[in-house]
Amino acid sequence: MTLSSMVVSRDFRGISVLESVLGSLHVQVEVEPELERAREKLAKSKIDALIVDSDIEGSGSLFDTIHQTEMENWVPLVISNGSDLPINTKFLFRKPISVAQAVRTLSSARNLIVDRRLRYHRMNVEIEASLISGDRKFDAQILNLSQGGAGLVGDFAKDISSDIQLSFSLPKSGQSVNVEGEIVWMKQCARAGIQFKDVSEPIQKRLQIWLEQNYFSR
């Protein structure tokens, strides 16, 4: 799985810097100097980041067009020479774009994109786990995993409580994960959905890094 971006600009020096930094961040980039052609391409495909040069007349309308589509998770970035901006944006490049500025801005934008992708994404896995409910312990297998929960299959008792503890090791890394959770659904006492609760920062980071590495290696 890869990330994608589009740069709408005619500033060839700035484009060169952005292409180099985006490539180093493993983000595919398409450059389009014409506003209408960019609009047509965006109507047919989805992107993770849209970088628009505010010097192009009518550039603000491009963001308006994207906001009216189903592309809810794209991240807007603006290239500006200091004049009025087409939108309020969190990510801004000032001309001339330096490598240091591009690395700083694009790295922050990439982190936001990845976080959005992984926040609700459940990765299909096969991980052996143990589940503790009260004073009872059960063997289980994790079928899907996200930052916020997991789907399990196992021989659960009918009277299992909703609050549980789940322990498992992340494949290939060998890192252990121990989390508290709540059963949010159960089917025929064999499959269950777990929502994690009060996850510590180290465990949260461990899960995030593992999910990101495996998400982009597919």
Side-chain angles (χ1 to χ4, degrees), residues 1-5 21-28 46-49 71-75 90-91 103-218:
M1 193 68 64
T2 58
L3 300 179
S4 61
S5 67
V21 176
L22 286 165
S24 70
L25 294 173
H26 306 288
V27 180
Q28 295 179 348
K46 291 185 177 182
I47 59 168
D48 295 294
M71 294 174 58
E72 299 177 353
N73 292 322
W74 63 284
V75 172
K90 181 179 180 180
F91 301 106
V103 169
R104 181 174 61 253
T105 303
L106 291 173
S107 294
S108 297
R110 184 185 185 278
N111 289 339
L112 176 60
I113 292 166
V114 171
D115 181 66
R116 286 182 176 181
R117 277 207 181 189
L118 294 180
R119 188 173 301 166
Y120 303 109
H121 174 74
R122 286 188 176 270
M123 182 173 296
N124 293 328
V125 295
E126 293 183 359
I127 302 176
E128 299 302 318
S130 63
L131 183 153
I132 297 177
S133 175
D135 59 355
R136 305 188 66 180
K137 183 175 181 179
F138 306 90
D139 292 328
Q141 184 179 54
I142 300 175
L143 300 179
N144 57 69
L145 179 66
S146 73
Q147 293 187 64
L152 309 179
V153 62
D155 186 19
F156 307 121
K158 291 183 178 180
D159 58 349
I160 188 173
S161 65
S162 60
D163 294 325
I164 58 95
Q165 288 184 318
L166 186 68
S167 301
F168 58 94
S169 294
L170 294 170
K172 298 182 181 179
S173 74
Q175 294 182 311
S176 61
V177 174
N178 299 284
V179 291
E180 294 182 357
E182 177 183 5
I183 296 178
V184 292
W185 59 262
M186 184 178 291
K187 295 182 179 179
Q188 299 176 347
C189 300
R191 289 177 178 266
I194 306 297
Q195 180 177 325
F196 299 152
K197 301 193 306 182
D198 303 323
V199 182
S200 67
E201 187 173 340
I203 294 296
Q204 199 170 45
K205 192 67 176 177
R206 192 174 300 171
L207 276 171
Q208 180 182 355
I209 292 173
W210 187 88
L211 286 166
E212 179 178 343
Q213 289 173 339
N214 285 270
Y215 183 82
F216 290 105
S217 66
R218 292 182 301 164

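All values below were derived from every heavy atom in this structure, side-chain atoms included, with hydrogens, water molecules and symmetry-related copies excluded.
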Item to check | Partners meeting side chain to side chain donor-acceptor pair (under 3.5 Å) with S167 (sequence neighbours left out) | outcome: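 For S167, the residues satisfying side chain to side chain donor-acceptor pair (under 3.5 Å) (neighbours in sequence not counted) are N178.
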Checklist entry - By side chain to side chain donor-acceptor pair (under 3.5 Å), which residues pair with K205, not counting sequence neighbours? => result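 For K205, no residue satisfies side chain to side chain donor-acceptor pair (under 3.5 Å) once neighbours in sequence are set aside.
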Item to check | Pair L170-R206, side chain to side chain contact (heavy atoms under 4.5 Å, CB included): steps then yes or no | outcome: CA-CA 9 Å; L170 294 170; R206 192 174 300 171; 3.9 Å; yes
Nearest atoms (heavy-atom pairs only) where [X] meets [Y]:
X    : Y    : result
L145 : A150 : CD1-CB, 4.1 Å
F196 : S146 : CE1-O, 3.7 Å
I183 : A192 : CG2-CB, 4.4 Å
I203 : V199 : CG2-CG1, 3.7 Å
V21  : L106 : CG1-CD1, 3.6 Å
L3   : D48  : CA-OD2, 3.3 Å

Checklist entry - D139 and D155: side chain to side chain contact (heavy atoms under 4.5 Å, CB included), yes or no, with the steps? => result CA-CA 7 Å; D139 292 328; D155 186 19; over 6 Å; no
Item to check | Results of salt bridge (charged side-chain N to carboxylate O under 4.0 Å, His left out) for D163 - residues two or more places apart only | outcome: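 Per chain and number, D163 pairs via salt bridge (charged side-chain N to carboxylate O under 4.0 Å, His left out) with K197.
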Next on the checklist: Quiz question: by atom type and distance under 3.5 Å, do the side chains of Q141 and E128 form a donor-acceptor pair?
Outcome noted: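 Yes, E128 and Q141 have a side-chain donor paired with an acceptor closer than 3.5 Å.
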Checklist entry - Yes or no on side chain to side chain contact (heavy atoms under 4.5 Å, CB included) for N214 and V125, after CA distance, side-chain angles and deciding distance? => result CA-CA 10 Å; N214 285 270; V125 295; over 6 Å; no
